[in-house]
Amino acid sequence: MKMSKLFVQTLREFPSDAEVVSHKMLGRAGFIKKLAPGVYTYMPLMWRVLKKVENIVREEMDKAGAQELLMPFVQPKELWEESGRWEVYGRELMRLKDRHDRDMCLGPTHEEIITSVARDNLKSYKQLPVNLYQIQSKFRDEIRPRYGLLRGREFIMKDAYSFDIDEAGLDKEYENMALAYKKIFERCGLATKMVQSDSGAIGGSVSHEFMVITDTDAGENDVFYCNECDYSANSNHAVSKLPDAVVDGKDYFSKKEILDTPSTHSIEELSAFLKIPSTLILKSLVYIVDKKPVIALIRADKAIEETKLMNAAGGIEIRIASAAEIAELMQEKGFNAEPGFIGPNGMENIKIIADETVYNMKNFVVGINETDKHLVGANLDDVLPKDVIKADIRLVEQGELCPVCGRPLSVTKGIEVGNIFKLGTKYSKPMNAVYTDINGKTHPYVMGCYGIGISRTAAAAVEAHHDEHGIKWPLAIAPYHAVIVPVNIQDEAQMSVANALYEVLKNAGVEVVLDDRDERAGVKFKDADLIGFPFRITVGKTISEGLVECKIRESGELIKLTPEEAKQNIIDAVLSLQ
RNA sequence: CGGGAUGUAGCGCAGCUUGGUAGCGCACCUCGCUUGGGACGAGGGGGUCGCACGUUCAAAUCGUGUCAUCCCGACCA
């Protein structure tokens, strides 16, 4: 490809609406063009990158024994009603009506469709196991799309679904997919961590996420991991060893009594007022889970992990209660307490969930639903109702101890580029998707699902590989392998070497761009760095010595060699990709 | 949906306080000059100033409303 013909426009400045590195770089280097919030045109360079990621995914999925198909992204409401998700999925589902006023949606994921395909075609145990996948655009009406391709409303995803006769089969396929994923991300030039995670709206029991670890702002997930063993988990799922109960060994409240604690609305104020560590306070928080109030109890120095709490409460939507909702709850229960003085007493018919940390507290301080008062010297029997739910709802903090080996946990930011779920019979059961076993009896398939964000993976690669000058594409997913820059296109000696190199590389199967523009060298160098060609061959003044320069984008290394050597180096690098 | 900000040419911005012929840089077109890290000069094309209503002789500028976009929280590949 001649640079003068390449359909790309690089910009002198970063787009003003871009926040994270990949969005800034991809916008400025002319890879993407925004059409609407979270909706982007993939310009030719971007599309080449995406096709490369797709092909790596495709090759590894095929190698792992999966079969590619393509399902519609326009889907009828009926299937979503069968699974129960027409209601549950909420406003994230892009809904539309056809001309007959029939409800449809644009597919955010395809469990419903694949399950219906399977139940019509997979009748016998002899046909199982099978793993089907597709690569296509997905639609999710995100509350707040942002970060460019990292969180779009329309994005490209590979989704795979496995069908097995039993759990053992699923376990095996799950391992198989985990290995394939590892290979895929390695081939894309990305270091990933496989971490335990919550299974979220898609459902199921066990799930892992593949995280690109990054120090940029784009990492939306906190990943806790152990340096000593291989434990790692998303913060929404991470656990740690239960912290010790007592802090400094002193016995603060041996006697149970109600004390005046005026204006102590926060834990800080209360612990300062009573001159006690916050580990001696039982914190009561009101959440709204599926529109109903839930009270969460936890030792006051710890924070609530909302996803864990939501799961413990058996809900699908959670948020902290507003001041007005708390006031309403208090009024309903006949109390007069402001936030800061809430407690579990007298909360009949309200779900109360107590974190594990609560259970090794003694002689502690707790709110009693009376403003400006707290009960001190309280114990579990005094405050916990009979039907309290004990659960781990604690947000793990850095330095807490690994649940497996007991060493301190570290935390880092991660971009989720893929995940794998054990679905079990979550979809096959309600949708009556069954096979017949050897005895003629029917059973629901045991399913798994496996996603990779193709466009997100490409953006994550930019997050992981860039410098202040631009992108440093890993060779395997770079839009082109190399660019040839003749410094001065008026110079016949330079041009003839550049042209010859261009032809020979092209014929050898190297994807190469010849920068034949009549621009000053600086402009071409800036563009080469910004676009991120892994190799740049400069044909300039050293041509009088019979040498060209080869610059390696990733390392910045610059070597002078003959055109023949430069050619061979690049061909070798490209050939070593497989 | 709550909180904050912004809408002026493809991109980045000024002008608005104090109403009076819509500007700058980049990009684009022409010519000259230049050619190893985003040169320079001259000329040129492109905008109903987000939209609506109002105030006024006159609105990018003032007022009201509305729409959109971006940022901070809950969602997720």
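Here is the naming used below: chain letters follow the sequence lines, and residue numbers restart at 1 for every chain.
Closest approach of A:Asn131 and A:Tyr450 over heavy atoms only: ND2-CE1, 4.1 Å.
With hydrogens and angles left out, the side chain of A:Arg151 and the base of B:rC76 share a donor-acceptor pair within 3.5 Å. Put simply, the side chain of A:Arg456 and the base of B:rC76 share a donor and an acceptor less than 3.5 Å apart. Applying the 3.5 Å distance criterion, the base of B:rU35 shares no donor-acceptor pair with the side chain of A:Glu519. Applying the 3.5 Å distance criterion, the base of B:rG37 shares a donor-acceptor pair with the side chain of A:Arg536. Applying the 3.5 Å distance criterion, the base of B:rG10 shares no donor-acceptor pair with the side chain of A:Lys33. Under 3.5 Å, the side chain of A:Arg12 and the base of B:rG10 form no donor-acceptor pair of N or O atoms. For B:rG36, the base has no donor-acceptor partner in the side chain of A:Asn488 [N/O atoms by modelled type, under 3.5 angstrom].
B:rG54 and B:rG12 have their P atoms separated by 33 Å, given to the nearest Å. With both ends at atom C1', the span from B:rA59 to B:rA22 equals 13 Å, rounded to whole Å. As rounded to the nearest Å, B:rU18 and B:rA60 have C1' atoms that lie 15 Å from one another. To the nearest whole angstrom, the two P atoms, one in B:rC40 and one in B:rG2, are 49 Å apart.
OP1 or OP2 of B:rC72 has at least one side-chain nitrogen or oxygen of A:Tyr147 nearer than 4.0 Å. A close approach under 4.0 Å does occur between a side-chain nitrogen or oxygen of A:Arg146 and OP1 or OP2 of B:rG73. Between A:Lys34 and B:rC70 there is a side-chain N or O to OP1 or OP2 distance below 4.0 Å. Note on A:Ser16: a side-chain N or O is less than 4.0 Å away from OP1 or OP2 of B:rG12. At B:rC75, none of the side-chain N or O atoms of A:Arg319 fall inside 4.0 Å of OP1 or OP2 (strictly under the cut-off).
A straight line from CD of A:Glu142 to P of B:rC71 spans 13 Å, rounded to a whole angstrom. Atom CD1 in A:Ile318 sits about 9 Å away from atom P in B:rC75, given to the nearest Å. Here the P atom of nucleotide B:rA77 and the CG atom of A:Leu50 are 19 Å apart, to the nearest Å. Regarding A:Lys24, its NZ atom lies at a distance of 12 Å from the P atom of B:rC71, rounded to whole Å. Counting to the nearest Å, the P atom of B:rA14 and the CD atom of A:Glu13 are 12 Å from each other. A:Gln494 places its CD atom 9 Å from the C1' atom of B:rG36, with the value rounded to the nearest Å. To the nearest angstrom, C1' of B:rC75 lies 12 Å from CG of A:Asn221. Straight-line distance from the NZ atom of A:Lys526 to the P atom of B:rA39: 9 Å, rounded to whole Å.
A heavy atom closer than 4.0 Å to some atom of RNA chain B occurs in no member of residues 62-73 of chain A.
Taking a pair to require two hydrogen-bonding distances under 3.5 Å in either a Watson-Crick or a G-U wobble arrangement, B:rG37 remains unpaired. Across all strands shown, B:rG23 pairs with B:rC13; the Watson-Crick or G-U wobble distances both stay below 3.5 Å.
Aromatic pair A:Phe7/A:Trp47: ring centres not closer than 6.0 Å. Taking the six-membered ring for Trp, A:Phe525 and A:His469 have ring centres at least 6.0 Å apart.
Side-chain polar atoms of A:Glu416 and A:Asn221 form no donor-acceptor pair below 3.5 angstrom. No side-chain donor from either of A:Ser162 and A:Glu173 sits under 3.5 Å from a side-chain acceptor of the other.
The pair A:Arg146-A:Glu220 meets the salt-bridge criterion, with a side-chain N (NZ, NE, NH1 or NH2) lying under 4.0 Å from an Asp/Glu carboxylate O. Under a 4.0 Å N-O distance rule, the pair A:Glu564/A:Lys567 qualifies as a salt bridge.
Closest to the A:Ala521 side chain, of the nucleotides B:rG36, B:rC71, B:rG38, is B:rG36. In this structure, the nucleotide among B:rC71, B:rG36, B:rG38 sitting nearest to the side chain of A:Glu19 is B:rC71.
Residue pairs satisfying the salt bridge (Lys or Arg N to Asp or Glu O under 4.0 Å) criterion with at least one member in residues 29-39 of chain A, sequence neighbours excluded, are listed as follows: A:Asp17-A:Lys34.
Base engagement by A:Glu549 is indicated by at least one non-hydrogen atom pair under 4.0 Å involving a base atom.
A cation-pi geometry, defined here as NZ or CZ lying under 6.0 Å from the six-membered ring centre and within 45° of its normal, holds between A:Arg48 and A:Tyr480.
An aromatic stack links A:Phe155 and the base of B:rA77, using centre distance under 5.5 Å and interplanar angle under 30°.
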